[in-house]
Amino acid sequence: MSKLFSPLQIKGISLKNRIVMSPMCQYSAIDGFVNDWHYTHYISRAIGGCGTIIQEATSVVPEGRISYADLGIWKDEHIGALKELTSAIEKYGAIPGIQLAHAGRKASCDLAWKGGHQIKSGVDSWQTVAPSPIPFYENDITPLELSSEDIKTIVDKFKEAAERAIKAGYKVLELHAAHGYLIHQFLSPITNHRSDEYGGSFENRIRFLLQIVDKILPLLNENLSLWVRISATDWVENGWNPDESVKLSSRLKSKGVDVIDVSTGGNVAHVKIPVAQGYQIPFASEIRQKTEVITGAVGLITQVSQAEDLLDKSKCDLVFIGRELLRNPYFALQAAIELDEDIDFQKQYERSFK
């Protein structure tokens with residue numbers, strides 16, 4: 001059997017293969033609710049053979065959305081439609097996951113295909129917040145610095161969102177601590193200039209994330225799993241760095257986090273990132289080697305042979321596929337053919353793949 005199609009047991013959850021649909025914003029919601037676009041988008045990838053599907057960044061509070069069209073899970077009314085989605089994802093053989101998120105200073109933006117610039121006034125804008133009053137771009141809204149009480153409130157909002165996610169049927173809950181969004185803003189000394197218990201030292205800067213983890217873990221049972229996506233480096237001097245990522249990953253594993261999903265960047269505007277095929281893999285590999293935590297690799301993984309090679313060389317345990325799955329919802333089925341795997345195809349489609 002190929003590595004890509006070998007199952008992986010995480011607690012009581014059985015992943016049928018190592019292919020994970022990476023969370024990718026669709027900017028297609030109204031008031032945070034899923035709609036026909038989301039059903040089509042996610043269910044087609046389940047039919048297409050993905051082992052696990054992580055829903056795009058889903059905000060725990062309205063002001064935590066990147067844009068006015070982001071998905072949300074800040075109110076109980078969101079649960080019903082989300083439950084329909086998770087039921088369908090499971091029906092077609094994939095594990096449903098959700099990425100719980102708060103954009104912090106990178107919120108209040110327009111749709112990506114309209115430029116994604118921050119909206120500073122009007123009904124589709126709102127005041128942003130952050131650990132320190134430092135905007136992402138110089139001409140952005142200056143975010144309000146969160147007080148200690150504000151931070152505790154947001155921690156509770158993550159817990160409430162996790163409770164709703166569980167009711168909605170998600171088996172994997174991923175915390176978005178990457179790409180320059182709120183949790184990452186606390187982690188990095190570039191964006192965290194606080195002098196209280198949430199700033200300064202490594203221990204203080206990781207406190208916000210650990211408090212969220214500590215609130216969510218007691219909600220979980222053997223059939224529910226907590227994952228964390230991190231940016232392993234800010235790609236700048238004196239920013240969040242790979243050594244800190246290893247230390248954080250070790251701490252998260254010791255607390256009971258099951259998977260570290262390793263990305264990079266997003267916290268510093270105009271930084272030059274050496275983007276190339278596999279450019280983020282060394283960070284995932286280092287974290288896996290030094291902490292022995294289950295690790296996911298992501299970033300320009302587009303070929304079946306590439307994904308198989310990463311697993312075969314023990315660079316990671318899971319392969320997160322992003323843009324390639326936007327181009328090809330049936331990547332996993334085609335991977336099975338290429339790797340000569342005898343898997344169950346949907347009966348309606350099997351004559352096309354066999």
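Please read these numbers as outputs of a predicted model, since none were measured by experiment. The first residue in the sequence is number 1, and the count goes up from there.
- The residue from Arg229, His176, His179 that alone fulfils the side chain to side chain donor-acceptor pair (under 3.5 Å) condition with Ser263 is His179.
- Under the 4.5 Å side-chain criterion, counting only non-hydrogen atoms from C-beta, Ile154 is in contact with Phe158.
- The aromatic ring centroids of Tyr137 and His270 lie less than 6.0 Å from each other.
- A ring-centre distance under 6.0 Å is found for Tyr349 and Tyr330.
- Considering CD1 of Ile95 and OG1 of Thr52, their distance stands at 6.0 Å, rounded to 0.5 Å.
- Taking OG1 of Thr295 as the reference point, atom NZ of Lys290 lies at 13.0 Å (rounded to 0.5 Å).
- A cation-pi arrangement is present between Lys247 and Phe202, with the terminal nitrogen or guanidinium carbon under 6.0 Å from the aromatic centre and inside a 45° cone about the axis.
- More than 12 heavy atoms of other shown residues, nucleotides or ligands fall within 6.0 angstrom of atom CG in Asn223.
- Counting heavy-atom neighbours within 6.0 Å of Tyr92 OH, excluding the residue itself, gives a total of 12 or less.
- Taking the ring centroids of Tyr181 and His102, they lie at or beyond the 6.0 Å cut-off.
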*Check the pair Arg164, Glu77 against salt bridge (charged side-chain N to carboxylate O under 4.0 Å, His left out), reporting the backbone distance first and the verdict last.*
CA-CA 10 Å; Arg164 293 188 187 101; Glu77 288 80 2; over 6 Å; no

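- We find the OG1-CG distance between Thr191 and Asn267 to be 4.0 Å, quoted to the nearest 0.5 Å.
- Between Phe320 and Gly296, the shortest heavy-atom contact is CE1-CA, 3.6 Å.
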Give the intermediate values and the outcome of side chain to side chain donor-acceptor pair (under 3.5 Å) for residues Asp156 and Thr153. CA-CA 5 Å; Asp156 287 336; Thr153 296; 5.7 Å; no

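- Although no hydrogens or angles enter the test, the distance criterion places no donor-acceptor pair under 3.5 Å between the side chain of Asp70 and the main chain of Asp31.
- Between Trp235 and Phe283, a ring centre-to-centre spacing shorter than 6.0 Å is recorded.
- A cation-pi contact, defined as under 6.0 Å to the ring centre and within 45° of the axis, links Arg65 to Trp126.
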